[in-house]
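What follows is one structure encoded as structure tokens, with my remarks underneath.
This chain uses plain numbering: 1 for the first residue, then up along the sequence. Atoms within a ligand are numbered from 1 in the order they appear, just like the ligands themselves. Because the structure is predicted, anything quoted here is derived from the model rather than measured.
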Amino acid sequence: MSAAAASGRPALAVASECAPLVKTGGLADVVGALPAALATQGWALRTLLPGYPAVMAAARRARQVAGFDDLLGTPARVLACSHAGLELLVLDAPALFDRPGGPYLGPDGRDWPDNDRRFAALCLAAAQLADQGIGAWRPQVLHLHDWQAGLTPAYLRARGSTLPCLMSIHNIAFHGLTPATRLAALALPPEGFTIDGFEFYGHVSALKAGLTGAQAIATVSPGYARELLTPAFGMGLEGVLQARAPDLHGILNGIDTNLWNPATDAAITPYTSPAGKAANRARLVDDFGLVPGDGPLAVVVSRLSAQKGLDLLLDALPGYLARGGRLALLGSGERALENAWLAAGAASPGQLGVRIGYDQALSHRMYAGADAVLVPSRFEPCGLTQLYALRYGALPVVARTGGLADTVIHANEAALAAGVATGIVHDAESIPALAQALGQLCQLWQDRRVFRQMQRNAMKHPVGWQASAPRYAALYAALSDNNKADTP
Ligand code: ADP
């Protein structure tokens, strides 16, 4: 362990993704960044991950710290290793995790049929590790990320452990539902299958297990924390969350400001002021085969799913392109959306460049070259792309929802007069509002002095973990101290 990690109070994070090893979205970025952020606050996190092939490759020199003869029907062991500044515990269970494809989907793009067992095994291993410890190491707090880690409190309580858990919601759209007939196969305590436990309309909900079983709940922005209490956003769990409202904390995500630093980023021509973006902009125009023009150059880097509102953007786009605006999109996801964007790109060559795929380096070049980054999400728990946009001096044009509204200062008259605006915020799920926001972008672009000022504001906006790391640390400390006070 690094000196900083070794000297802090021990905590265990449990997650299904962790950058840089395995990532499908923002969850991985946050799980990967929290250990360093919390090390500055006196906490030493170890992160338990499934032993997917990419994780096992990083764990080649790991040592075994625990073994299971029968973990939900399969032998397994836990390996400990350091990787990229992270202290990892890897659940090596080949029958569950040694497969091609992504963390949740097979190569055919469908959920693995045994996802319930795969992630229940992760939770069961977490509970046993935390409860028994490894040598002298025993976590004071468990930090559980999304439904894949949600069953941990149920297994802990079944063992009689009072170790405190913080359940983090990164996206409430995913519940981890499985039929009640799976209770025994997943070794879940049947007494937990109630409306106050993990039962959800006749199914087992792994996320609900976390929400009802953890001592505290966190989500990734104050805005989303408020929204989650409403039927429009709570996805059927709003009642559960209302009952736990005093224990629900909205804490904004930060980004890794070393990895995302336009002054040192190896993927781009580095710069420290908006004027320095020019070479990156020229390359971006080139990369996407766009024609040089008078309008702003916007980008989208996103999963292509209904959540992200990119179907709305397709409808709002014609006016923007007609005003000389150009757009480069990088994304992958739902087939219908991919095809719709490819067709739109083919219809507007030179103005709209579309790349279907997942490309980390290209995403860096896009933030560096862009004048604006569009995030028209229907809902967005926190959102990271608008934070990268701010950091790279590309103005975020975002829907007024969740963490987007918490992180961007809209260019209204007052903010412009005060010289503090960092982007444009529009009503969510409204094509006219989105079209109007794109119109405002074009208008602001005409006044380069104002545009540059906004870019400078954006680049100065704090987007790291400075504010949020102490909040997590305070929560961990409160949970741990309460537990000590309650333990006879
Ligand atoms: P979500 O987790 O809902 O997908 P976030 O904004 O929280 O949304 O995080 C998305 C992360 O994934 C960001 O780091 C973004 O840059 C990255 N990303 C999304 N799509 C792509 C892509 N096609 N290529 C490269 N990076 C991508």
Side-chain angles (χ1 to χ4, degrees), residues 15-34 102-105 145-148 168-174 219-221 223-224 233 235 251-262 265 267-268 284 287-288 299-310 313 328-335 337-338 341-342 353-370 373-392 394 396-399 401-408 423 428 463 468:
S16 56
E17 303 183 22
C18 181
L21 284 173
V22 50
K23 165 168 165 172
T24 70
L27 165 67
D29 292 307
V30 175
V31 172
L34 268 178
Y104 320 117
L105 313 177
H145 295 277
D146 271 351
W147 75 263
Q148 292 87 352
S168 263
I169 306 171
H170 296 264
N171 190 336
I172 205 164
F174 306 102
T219 192
V220 290
S221 69
Y224 195 53
F233 291 89
M235 304 269 178
I251 305 177
L252 267 182
N253 282 340
I255 60 171
D256 181 334
T257 49
N258 292 321
L259 198 65
W260 294 93
N261 182 354
D265 191 332
I268 65 168
L284 180 57
D287 270 352
F288 277 84
V299 302
V300 170
V301 179
S302 182
R303 287 188 291 120
L304 297 182
S305 79
Q307 175 196 338
K308 300 296 179 179
L310 295 170
L313 180 59
L329 175 137
L330 168 65
S332 61
E334 290 168 16
R335 206 48 55 82
L337 269 171
E338 291 184 356
W341 275 96
L342 284 170
V354 175
R355 193 76 57 87
I356 300 300
Y358 192 96
D359 187 334
Q360 195 89 247
L362 178 58
S363 77
H364 282 243
R365 297 207 298 276
M366 291 172 75
Y367 297 119
V373 173
L374 313 184
V375 197
S377 305
R378 290 187 161 83
F379 69 95
E380 194 61 73
C382 178
L384 295 177
T385 52
Q386 84 280 12
L387 302 180
Y388 302 141
L390 290 166
R391 179 94 170 131
Y392 281 65
V397 179
V398 303
T401 185
L404 299 176
D406 284 333
T407 50
V408 178
V463 288
S468 296

Without hydrogens or angle criteria, can the side chains of Glu338 and Ser332 be said to hold a donor-acceptor pair below 3.5 Å? no

Report the part of [X] (side chain from C-beta onward, or backbone N, CA, C, O) that has a heavy atom under 4.0 Å from ligand 1; answer both or neither where that applies.
| X | answer |
| --- | --- |
| Thr385 | both |
| Asp29 | side chain |
| Cys382 | neither |

Does the residue Lys308 have a heavy-atom contact with ligand 1, meaning some pair of atoms that are separated by less than 4.0 Å? yes

Heavy atom of Lys23 under 4.0 Å from ligand 1? yes

Donor-acceptor contact below 3.5 Å, side chain [X] vs main chain [Y]:
| X | Y | result |
| --- | --- | --- |
| Asn253 | Cys382 | no |
| Ser221 | Leu252 | no |
| Asp256 | Asn258 | yes |

Nearest protein heavy atom to [atom], by residue and atom, and its distance?
| atom | result |
| --- | --- |
| atom 20 (N) of ligand 1 | Ser302 C, 3.4 Å |
| atom 4 (O) of ligand 1 | Arg303 NE, 2.7 Å |
| atom 24 (N) of ligand 1 | Asp359 N, 3.1 Å |
| atom 6 (O) of ligand 1 | Leu384 N, 2.9 Å |

Distance-only N or O hit between ligand 1 and [X], under 3.5 Å:
| X | answer |
| --- | --- |
| Tyr367 | yes |
| Ser332 | no |
| Val301 | no |
| Gly357 | yes |
| Gln360 | no |
| Asn171 | no |
| Gly26 | yes |

Fit a plane to each ring of Phe379 and Tyr224, take the angle between them on a 0 to 90° scale, and name the class: parallel (under 30°), tilted (30 to 60°) or perpendicular (over 60°). parallel

Decide yes or no for Tyr392 and Val373: does some side-chain heavy atom of the first lie under 4.5 Å from some side-chain heavy atom of the second? no

Is the shortest side-chain heavy-atom distance between Ser16 and Leu27 below 4.5 Å? yes

Thinking salt bridges, do Arg303 and Glu334 make one under a 4.0 Å N-O criterion? no

In terms of atom number and element, which parts of ligand 1 are under 4.0 angstrom from non-hydrogen atoms of Gly331? 23 (N)

Please say which of Leu362, Leu329, Leu342 ends up in a side-chain contact (heavy atoms from CB on, under 4.5 Å) with Arg355. Leu362

For side chain to side chain contact (heavy atoms under 4.5 Å, CB included), just list the numbers for Ile255 and Leu384, CA-CA rounded to whole Å, side-chain angles, deciding distance to a tenth of an Å, and then say yes or no. CA-CA 7 Å; Ile255 60 171; Leu384 295 177; 4.1 Å; yes

Can you check side chain to side chain donor-acceptor pair (under 3.5 Å) on Asp146 and His170, steps first, answer last? CA-CA 6 Å; Asp146 271 351; His170 296 264; 5.2 Å; no

Compare Trp260, Tyr358, Tyr388, Phe379 and give the one whose heavy atom is closest to atom 18 (N) of ligand 1. Tyr358

